[in-house]
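Excluded from the calculations below are hydrogen atoms, water molecules and symmetry mates; all remaining heavy atoms, backbone and side chain alike, are included.
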Amino acid sequence: MKMLESLVPLGVRRAVLTGSDGLVIESVGRGGPSAEILAVELANLTRALGNTARQMGGELRRFTLATDDHEILAVVFEGYCLGALLERGGDRKSVGNELSRLALRLAEQI
C-alpha cells in the first residue's frame, strides 16, 4: 500500500494502520514501540474510548495521547485506526491534517 509514507517527512517516528483486531495493516517509521505493539495499543484505546464516546451520545473520530516526551495522534474511521507517534513539540497540526487526509483516502478504498 505505502500510503503512510507521506507522514515520515512530517517528523512522525512511527505510523500504523490497524483494524479492531490490532493487527498491522501498514506501518512506517522507526524506533519504539514496534509497529505491532503500537497497533495493539491503538486498537485497545479505540475500543475503550469508543465505549466512552457512545455513552456520551457520539462516535469516536480522533484522539490524542501525550506523555512527557511523545504524542500519539489517531484518527478512527470505518472500523480502522490510523495513528502516528511523534516527539513532543512536533508539528501536530500538519500530522493531524495528513492523518485526516489519509483516512479519507483509505475509507474510499476500503
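- Using a cutoff of 4.0 Å between basic side-chain nitrogens and carboxylate oxygens, Arg54 and Glu59 are not scored as salt-bridged.
- A 4.5 Å side-chain heavy-atom check between Glu87 and Glu71 finds every atom pair outside the cut-off.
- When hydrophobic clusters are built by joining Ile, Leu, Val, Met, Phe, Trp and Tyr residues whose side-chain heavy atoms come closer than 4.5 Å, directly or via intermediates, Val76 is not grouped with Leu99.
- Note that the CG atom of Leu49 and the CE atom of Met56 stand 9.0 Å from one another [nearest 0.5 Å].
- Between Ser6 and Arg101, the closest heavy-atom pair is OG-NH2, 3.8 Å.
- Between Leu7 atom CG and Ser27 atom OG the span is 11.5 Å, to the nearest 0.5 Å.
- Of all heavy-atom pairs between Ala35 and Val24, the closest is O-CG2, 3.5 Å.
- Side-chain contact, Ser100 with Arg62: a donor N or O sits under 3.5 Å from an acceptor N or O.
- In summary, Glu108 and Arg105 do not engage in a salt bridge, as defined by a charged side-chain N under 4.0 Å from a carboxylate O.
- With Arg14 contributing its side chain and Gly31 its backbone, the two residues share a donor-acceptor pair below 3.5 Å.
- Side-chain contact between Tyr80 and Thr18: absent, with no pair of heavy atoms (C-beta onward) separated by less than 4.5 Å.
- Residue Val75 comes nearest to Ala103 through the heavy atom pair CG1-CB, 3.7 Å, listed as atom of the first residue, atom of the second, then distance.
- Residues Leu4 and Lys2 fail the side-chain proximity criterion, which asks for heavy atoms closer than 4.5 Å.
- Of all the heavy atoms in Ala107 and Glu78, the pair that sits closest is CB-CG, 3.9 Å.
- For the pair Leu85 and Gly32, the tightest heavy-atom approach, listed with the atom from each and the gap, is CD2-O, 3.4 Å.
- Both Met3 and Leu86 are assigned to one and the same hydrophobic cluster, defined by single-linkage of ILVMFWY side chains at heavy-atom distances under 4.5 Å.
- Side-chain atoms of Arg88 come within 3.5 Å of backbone N or O of Thr67 as a donor-acceptor pair.
- Of the candidates Leu60, Val16, Leu42, Leu45, Cys81 forms a side-chain contact (heavy atoms from CB on, under 4.5 Å) with just one, namely Leu42.
- Shown here for Gly19 and Ala43, the closest heavy-atom pair between the two residues is O-CB, 3.8 Å.
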